[in-house]
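Letters A, B, ... mirror the listed sequences (proteins, then strands); counts begin at 1.
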2 protein chains.
Amino acid sequence: MSASTSAERGAEVRRRLLVAAAELIPEVGWHAVSTRAVAERAGVGAGLVHYHFRSVQSLLRHAVVEVMTQLLAEFPRVLSTDTSEDVVVREMLAALDDYSGTDATSLLFMEAYLASARDEQLRAELSHLLDDFRSALTAWLAARGTRAPAETAAVLAAAVDGVMLHRALHPGLTATAVAPVLRRLVSHSTEREQG
Amino acid sequence: MSASTSAERGAEVRRRLLVAAAELIPEVGWHAVSTRAVAERAGVGAGLVHYHFRSVQSLLRHAVVEVMTQLLAEFPRVLSTDTSEDVVVREMLAALDDYSGTDATSLLFMEAYLASARDEQLRAELSHLLDDFRSALTAWLAARGTRAPAETAAVLAAAVDGVMLHRALHPGLTATAVAPVLRRLVSHSTEREQG
DNA sequence: GCTCACCTTGGGCGTCTGCCCAACACTATA
DNA sequence: TATAGTGTTGGGCAGACGCCCAAGGTGAGC
């Protein structure tokens, strides 16, 4: 079949390995993901992992960066200068409703943050990823006249991840509960503010 | 020596195992902590781990709960009804300055949060721990007249952990940078607020 | 037909893992 | 002095680990 060259099938297997790895990281934890488990889930021989990737660590790094890039890329499109604060806050809360703190995506993010503490290359890639995300948020806040937009954006992004982090241990931390509080952050832009 | 009975020395070894485990968790990651590594750092034979603890998981659980209990217990004492908001925010920021996101304590907390997703007993214990912490914060906020004190306390606690989480990837996220933003959360208690 | 490059397999290597256990040291009681 | 209870050691077991590699399969270009 000319539609499926050897190289193309190779790329497909590589993709399946990345998907399998991204699934296993939240399930068993970063350090507990093994070459054999990834290969089994991807439906390929165990040796293939080290054909397509230099090491397990490299596979996990690629997998996590790929997933996070896709997810974070979806958000900035909602941020245009004429987007109301309600829409933005609602969007972030919708994200919070999707991610309970014990779901695969939340855990994948946390595992990635944690792994980046022991993997300099991963830290650099995630750092760049979050920079882009914060930049979009900062620009939107600045256009709205919010004080200290960069710092507010940073705290807002951190708060969302923090809520995600705490949520598994505090089910009452629902989106509707935190909405008014978070809105306080983006609303009172013209208030006095002591340095 | 009567000052050191067999039982007392046993308790001391058990304590050393807990300390060694609490050190190793941030260093190598939860799943990568092994009985032999803990025993070596504690300066005892490898078999002792399973004498004092049912399993490695049990050891890690005890270690992490002990450390977190001690650290969280220090905070509520600063919260009395006559404590000014400045002092409280300054106290939380001091905590942020101590914990850079890549230090042992920050990593230990994150590892614990993550591990609790796969360990029901640990989740219950951490949940209880954070409940107490939030209760103290809620009571203080309520006494100050802050709107939605429970929700604000939850978001505040989550924001601190979130900032810690992001900090390793964003060195500019200093305490002085986020201070005015966080203060916004506790300050404007009498503003209009849409539910 | 052949070569060549790429992909894939399954097994093997040495190392590490959690957990177990027989043997031993020590103290307190009888 | 004998006995019992507690703490401790180091080795052993079966299994899993990361990584490697010889061998084989399969299409593209000559």
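The distance from atom NE2 of A:H31 to atom P of D:dG18 is 12 Å, rounded to the nearest whole Å. Rounded to whole Å, atom P of D:dG7 lies 13 Å from atom CD of B:E12. Atom CG in B:L24 sits about 11 Å away from atom P in C:dT17, given to the nearest Å. What separates CZ of B:R16 from P of D:dG7 is a distance of 15 Å, to the nearest Å. Per the geometry, CG belonging to A:L59 stands 13 Å off C1' belonging to D:dG18, to the nearest Å. Atom CG in A:L60 sits roughly 12 Å away from atom C1' in D:dG18 (whole-Å rounding).
Side-chain contact between A:M110 and A:L114 is absent, with no heavy-atom pair separated by less than 4.5 Å. No side-chain heavy atom of B:Y51 sits less than 4.5 Å from a side-chain heavy atom of B:V13.
Using a 4.0 Å cutoff on non-hydrogen atoms, no part of residues 112-125 of chain A comes near DNA chain D. Listed by residue number, the members of residues 34-53 of chain A with any heavy atom below 4.0 angstrom from DNA chain C are A:R36, A:V44, A:G45, A:G47, A:L48, A:Y51, A:H52.
Both key distances under 3.5 Å define a Watson-Crick or G-U pair, and stretches of 3 or more such consecutive pairs in DNA chain D run C:3-30 with D:1-28.
Here A:R183 does not pair with B:E151 in a salt bridge; the nearest charged N to carboxylate O distance is not below 4.0 Å. A salt bridge does not link A:E111 with A:R118: none of the charged nitrogens is closer than 4.0 Å to a carboxylate oxygen. Under 4.0 Å is where a charged nitrogen must lie from a carboxylate oxygen, and between A:D161 and A:R167 no such pair does.
Every pair passing side chain to side chain donor-acceptor pair (under 3.5 Å) that includes a residue from residues 28-38 of chain B is listed here, sequence neighbours excluded: B:W30-B:Q57. Among residue pairs with one or both ends in residues 50-73 of chain A, those qualifying as salt bridge (Lys or Arg N to Asp or Glu O under 4.0 Å) are A:R61-A:D119; sequence neighbours excluded.
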Per-pair distances, 0.1 Å, donor-acceptor, side chain in residues 37-48 of chain A, under 3.5 Å, sequence neighbours excluded:
unit_1 : atom_1 : unit_2 : atom_2 : d
A:R41  : NH1    : A:E23  : OE1    : 3.0
A:R41  : NH1    : A:E27  : OE2    : 2.8
A:R41  : NH2    : A:E27  : OE1    : 3.1

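For A:H62 (side chain) and A:S58 (main-chain N/O), a donor-acceptor pair under 3.5 Å exists by modelled atom type. Of the possible donor and acceptor atoms, one in the side chain of A:S135 sits under 3.5 Å from a partner among the backbone N and O of A:D131.
Side-chain polar atoms of A:S106 and A:D103 form a donor-acceptor pair below 3.5 angstrom.
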